[in-house]
Amino acid sequence: MKIATWNVNSITARLPQVLEWTRNNHPDVLCIQETKCIDQKFPASGFQEIGYQVAVFGQPTYNGVAIASLSSINDVQRGLPDDEADAQRRLIAGTINNIRIINVYVPNGAEVGSDKYEFKLKWLARLHKYLDNHCDVKQSLVLCGDFNIAPEDRDVHDPALWEGKILCSDAERAALENILQWGLVDVFRKHHKGGGHYSWWDYRAGAFRQNNGLRIDHLWATETLAKKSVNAWIDKITRTLEKPSDHVPVVAEFAD
DNA sequence: ATGGTAGATACTCTA
């Protein structure tokens with residue numbers, strides 16, 4: 001079972017690239033963030049043509065999440081249970097081959113201390129509450145997506161530069177650690193202990209060229225599933241393509 | 001303290 005997560009920064013702008021990557025890498029499940037696309041316009045047929053079905057939860061211009069899967073997607077949930085009707089669309093969950101998949105696009109937070117920052121911390125607390133009240137830690141479960149947080153300094157190209165900044169602040173890291181403590185394992189870190197592994201590079205100031213990246217896209221699993229993890233990797237090559245997303249796929253493989 | 005780029009939508013907002 002191969003599961004991947006990728007913030008594509010617009011599914012319509014990235015469709016040919018996403019379909020080609022999916023055909024070449026053939027994940028069982030691809031969790032997509034920042035689709036920036038209403039459900040009626042989601043290019044579902046493109047995925048169907050290569051053997052995938054999709055579950056989508058989008059909105060115009062911003063946010064939006066989707067799951068593409070080779071097998072059927074059951075018990076789909078769109079949004080957090082305590083979301084307002086017009087809430088930003090940042091979570092979609094479904095059960096595939098008896099694995100509960102929770103795909104999230106955590107708010108960016110803009111700047112430490114801003115309203116958006118407070119919204120981010122509250123959203124993370126609500127995600128934690130969702131796990132507590134609606135998920136089973138003993139089940140095979142994956143929480144993956146764009147977390148918009150680098151958990152530790154080894155996930156940051158220049159920790160001194162980023163210290164206390166958005167994506168790296170203590171409160172964000174603490175909120176993330178609380179969610180991990182619910183009973184999840186960072187599957188990438190099971191296989192790679194060192195620094196220099198990033199999943200996002202800013203479009204600006206030649207960040208990718210200088211490898212000025214952060215590891216903010218994650219794939220976490222409950223212990224039941226994590227112990228079956230045989231490999232995990234970040235597919236950096238997609239960032240070198242023409243018109244790339246600013247994020248690259250994170251992939252994990254599990255024994256059946 | 002600010003700029004750099006990209007995407008969608010409508011000339012601005014978000015990241």
With no hydrogens and no angle check, just 3.5 Å: does a side-chain donor-acceptor pair link A:D217 and A:S199?
yes
Assign A:Y105 to base, sugar-phosphate, or nothing according to its heavy-atom contacts below 4.0 angstrom with the strands shown.
sugar-phosphate
Roughly, in whole Å, what's the span from CG in A:D202 to P in B:dA15?
13 Å
Consider the side chain of A:Y203, meaning its heavy atoms from C-beta on, and name the nucleotide among B:dA8, B:dA6, B:dT14 that approaches it most closely.
B:dA6
Nearest-Å distance, CZ (A:R14) to P (B:dA8)?
8 Å
Any chance the side chains of A:T95 and A:R100 put a donor and an acceptor closer than 3.5 Å?
yes
Looking only at atom P, what distance separates B:dT14 and B:dA10, rounded to whole Å?
14 Å
Would you measure the distance from the P atom in B:dG3 across to the matching atom in B:dT12 and give it in whole Å?
16 Å
Please report, rounded to the nearest Å, how far the P atom of B:dA6 is from the NZ atom of A:K36.
12 Å
Any donor-acceptor pair under 3.5 Å linking the side-chain atoms of A:N7 with those of A:E34?
yes
Rounding to the closest angstrom, what is the interatomic distance between B:dA1 and B:dA15 at atom P?
22 Å
Fellow cluster residues of A:Y62, listed by chain then number, with links counted only when side-chain atoms sit under 4.5 Å apart:
none
What is the distance, rounded to the nearest whole Å, between atom NZ of A:K243 and atom C1' of B:dA8?
12 Å
B:dT14, B:dA8, B:dA15: which one has an atom nearest the side-chain heavy atoms of A:R90?
B:dA15
Separation between the P atoms of B:dT5 and B:dT9, rounded to whole Å
22 Å
Rounding to an integer number of angstrom, what distance separates B:dG7 and B:dC11 when you compare their C1' atoms?
14 Å
With respect to the side chain of A:T12, which nucleotide from B:dA15, B:dT5, B:dA8 is positioned closest?
B:dA8
Looking for any heavy atom pair under 4.0 Å, which part of the strands does A:S245 touch: base, sugar-phosphate only, or nothing?
nothing
Any residue meeting ring pair (Phe, Tyr, Trp, His ring centres under 6.0 Å) with A:F254, in chain and number order, not counting sequence neighbours
none
